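Remarks on the structure that follows.
For clarity, every value in this text was computed on a predicted model and none was experimentally measured.
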Amino acid sequence: MSKRKVPHTFVIVFFIIVIAAVMTWFIRPGKYIDGVFYYQDGNYQPQTWQVFSALFNGFVQQSKIIIFILMIGGAFWIMNKSRAIDMGIFSFLKFTQRLENHRVIGFLGIDNIIIVLIMLLFSLFGAIFGMSEECIAFVIIVIPLAISMGYDSITGLCMVYVAAHIGFAGAILNPFTIGIAQGIAEVPLFSGIGYRIFCWVVINIFGIAFVLHYAHKVKRNPQSSIMFDDDAYWRKNSSAQGQEFEKYVPRSAWFVYAFLLVAMTIFSVLNPQTTLVVGAKALTMPIIPILTGIFAVIGILSLRKTVHNFILVMLLYTIIYLIVGVMGYDWYVMEIASLFLAMGICSGVAIGKSASDIAKLFIEGMQDILSAAVVVGLAGGIVIILQDGGIIDTILYGLSKSMSDFGKVASVEIMYGIQTLINIVIPSGSAKAAITMPIMAPFGDLIGVCRQATVMAFQFGDGFTNMITPTSGVLIGALGVAKIPYQKWFKWVWKLILMLIIIGGILLVPTVLMQLEGF
């Protein structure tokens with residue numbers, strides 16, 4: 001008996017677009033205007049042939065993320081040619097093996113410590129400054145590490161993407177969700193932070209425990225992973241175990257060092273002080289000059305050993321500048337993609353590649369990642385159909401009407417459920433806050449649910465399903481980079497999402513039954 005073949009991801013996404021188009025024939029179009037809902041029968045048309053034009057418009061709407069993915073893929077392909085990341089992973093694994101001899105570390109398990117620390121780091125990034133699209137760049141770094149440690153690509157994706165979005169859901173200071181939602185709800189910015197930190201801790205405990213349990217299962221029996229066959233790509237291209245690395249330092253590497261030092265010095269003169277914004281707090285310090293001074297020293301030290309070390313230093317500085325740029329200069333995907341492109345070019349020059357060789361490597365990298373970029377554009381077509389059919393606000397209106405005549409606990413849970421469902425069609429947290437909070441906040445006043453609880457219902461509802469909805473360009477992009485088919489990811493992640501949704505619902509209960517600070 002032949003095994004049923006799973007449709008290609010492109011087919012699945014197109015099928016969802018068709019379903020969205022069919023919905024526009026049965027749901028009346030409508031729109032919220034100044035917080036009041038009006039049906040707009042004459043302004044929208046049911047979608048038919050637009051299922052094809054939506055593909056084009058989806059690429060236009062998601063163009064920034066698509067270009068971001070292509071540039072990241074090309075940049076890392078150039079860097080990978082140097083095998084610096086392979087050498088770094090190999091050295092890291094040798095170091096961790098020595099640490100296992102320590103009694104306490106051996107008891108806890110060095111692999112457990114690594115997974116927990118990496119997940120906590122990215123969770124903090126998600127909770128504090130809303131890391132989302134930026135995850136895609138780190139997926140390429142962490143998945144080879146996970147593979148080399150004996151895990152699979154799902155474990156690697158969890159260490160970065162899932163961790164960041166667990167933090168995103170349990171946001172502490174996220175300006176893109178908490179900041180906007182609290183501003184619209186007219187409550188003090190980032191108030192209620194004490195209970196939010198508690199929720200972030202609880203959500204992370206359960207989320208990280210889930211990932212650790214799965215990781216142990218894969219390590220004991222690698223073939224138990226649904227990605228075992230697909231991960232042959234990563235095992236072939238990422239394994240650094242037992243390999244020898246030629247140590248060399250081309251003259252061109254010193255040229256790159258000098259060029260970067262001059263560029264950083266100029267940047268330091270132009271930006272002697274940087275104000276890092278974390279929620280409502282701000283810290284001003286000469287961080288660019290400090291980073292430049294440190295680079296001047298560690299750059300020389302790394303080049304005295306091998307060009308691989310110098311390229312790893314460039315990677316580290318790329319990550320640091322990414323964080324500083326996001327928190328201090330409002331960088332987004334354009335600036336981040338440009339930063340990684342510069343890193344890739346400098347890596348190519350450092351290992352002695354000509355301009356033509358670097359260009360060819362960049363094209364090879366884009367070809368390798370192209371399918372991920374295409375799926376992001378296709379997924380964007382789903383939202384286009386719903387928007388052009390005018391049914392998003394109608395769905396929201398219908399769901400909000402279901403909250404009447406319920407008690408406080410039931411009402412806040414229904415709000416949570418509505419926000420969770422809406423997130424499937426509107427994955428953008430800031431856009432959903434702008435649409436839903438003007439309605440939910442006043443409605444909460446009428447039924448006795450405080451606005452802070454309404455904001456938290458939005459926060460949880462916005463976060464968890466980001467990790468499963470096919471309309472999320474970030475999810476589709478991360479899966480494409482990780483080379484994980486959406487259908488396999490759905491099969492694995494739904495249990496985690498269901499668990500997190502239930503935990504979120506439980507954490508909402510104290511917001512209406514207890515007297516919490518800021519609520």
Side-chain angles (χ1 to χ4, degrees), residues 68 71-72 74-89 91-92 125 134 137-138 140-141 245-277 283-359 361-362 365:
F68 176 76
M71 291 180 68
I72 291 290
F76 269 96
W77 194 268
I78 300 170
M79 171 175 276
N80 286 339
K81 194 67 177 179
S82 70
R83 300 189 66 206
I85 293 179
D86 286 347
M87 194 192 80
I89 292 173
S91 301
F92 178 76
F125 288 161
E134 300 89 344
F138 293 96
I140 303 177
I141 302 172
F245 297 91
E246 178 187 358
K247 296 182 178 181
Y248 66 101
V249 182
R251 183 177 299 175
S252 56
W254 288 101
F255 170 78
V256 172
Y257 165 75
F259 171 78
L260 291 177
L261 185 59
V262 170
M264 289 183 189
T265 301
I266 295 173
F267 193 34
S268 299
V269 173
L270 296 176
N271 299 273
Q273 297 288 333
T274 300
T275 301
L276 301 178
V277 179
L283 173 66
T284 301
M285 60 184 296
I287 190 166
I288 302 299
I290 291 173
L291 289 173
T292 302
I294 296 173
F295 177 80
V297 176
I298 64 174
I300 291 177
L301 294 177
S302 63
L303 283 171
R304 291 181 63 182
K305 293 185 177 181
T306 174
V307 69
H308 303 92
N309 288 353
F310 177 64
I311 291 175
L312 290 175
V313 169
M314 285 198 293
L315 175 60
L316 173 63
Y317 260 71
T318 300
I319 295 171
I320 293 173
Y321 270 97
L322 183 155
I323 297 170
V324 173
V326 169
M327 298 177 66
Y329 298 94
D330 295 325
W331 283 7
Y332 192 48
V333 289
M334 183 195 74
E335 292 86 356
I336 296 170
S338 303
L339 183 67
F340 276 94
L341 175 61
M343 177 202 69
I345 294 173
C346 289
S347 298
V349 175
I351 59 176
K353 296 293 181 181
S354 67
S356 295
D357 290 336
I358 292 173
L361 289 171
F362 186 75

>> Evaluate Tyr248 against Ile351 for side chain to side chain contact (heavy atoms under 4.5 Å, CB included), listing each step before the verdict.
In response: CA-CA 9 Å; Tyr248 66 101; Ile351 59 176; 3.9 Å; yes
>> Tyr329 vs Thr274, test: side chain to side chain contact (heavy atoms under 4.5 Å, CB included). Steps then yes/no.
In response: CA-CA 8 Å; Tyr329 298 94; Thr274 300; 2.6 Å; yes
>> Walk me through whether Ile288 and Val324 qualify under side chain to side chain contact (heavy atoms under 4.5 Å, CB included).
In response: CA-CA 9 Å; Ile288 302 299; Val324 173; 4.2 Å; yes
>> Please evaluate residues Ile336 and Phe68 with respect to the criterion side chain to side chain contact (heavy atoms under 4.5 Å, CB included), reporting the C-alpha separation (whole Å), side-chain torsions for both, the decisive distance (0.1 Å), and the verdict.
In response: CA-CA 8 Å; Ile336 296 170; Phe68 176 76; 3.6 Å; yes
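In this structure, Leu301 and Asn309 have side chains that are not in contact, with every pair of non-hydrogen atoms separated by 4.5 Å or more. Between Leu316 and Leu312, every side-chain heavy-atom pair lies at or beyond the 4.5 Å cut-off. At least one side-chain heavy atom of Ile290 sits less than 4.5 Å from a side-chain heavy atom of Met285. Met314 is listed as a side-chain neighbour of Val256, based on a closest heavy-atom distance under 4.5 Å. Considering only heavy atoms from C-beta on, Leu322 stays 4.5 Å or farther from Trp331 through its side chain. The closest side-chain heavy-atom distance from Ile311 to Met79 is below 4.5 Å. With contacts defined as side-chain heavy-atom distances shorter than 4.5 Å, the pair Val262/Ile266 qualifies.
Atom CZ of Phe259 has 12 or fewer heavy atoms from other residues, nucleotides or ligands within 6.0 Å. By the neighbour-count criterion of 12 heavy atoms within 6.0 Å, atom CZ of Phe255 is sparsely surrounded, having that number or fewer from other residues, nucleotides or ligands.
When every heavy atom of Ala253 is checked against every heavy atom of Val307, the shortest pair comes out as CB-CG2, 3.9 Å. Nearest heavy-atom pair across Ile78 and Ile345 is CD1-N, 4.5 Å. Residues Val249 and Trp254 approach most closely at CG1-NE1, 3.5 Å, considering heavy atoms. Closest approach of Pro289 to Pro286, counting heavy atoms only: CD-O, 3.2 Å. Counting all heavy atoms, side chain and backbone alike, Pro250 lies closest to Ala350 at CG-O, 3.3 Å. Contact between Lys247 and Thr306 at its shortest, heavy atoms only, is CA-OG1, 3.7 Å.
Note that OG1 of Thr318 and CD1 of Ile323 are 11.0 Å apart. Values are rounded to the nearest 0.5 Å. Taking CD1 from Ile72 and CE from Met343, the interatomic distance works out to 7.0 Å, rounded to the nearest 0.5 Å. For the atom pair CD1 of Ile358 and NZ of Lys81, the computed distance is 12.5 Å after rounding to the nearest 0.5 Å.
In this pair, Phe138 and Phe340 present their aromatic rings perpendicular. The plane angle is above 60°, beyond the 30 to 60° band. By the 30° and 60° cut-offs, the orientation of the rings of Tyr257 relative to Phe310 is perpendicular.
With hydrogens and angles ignored, the 3.5 Å screen pairs a side-chain donor or acceptor of Tyr317 with a backbone N or O of Phe295.
If you check the side chains of Ser82 and Ser347, you find no donor sitting under 3.5 Å from an acceptor. Of the N and O atoms on the side chains of Asp357 and Ser354, at least one donor lies less than 3.5 Å from an acceptor on the other residue.
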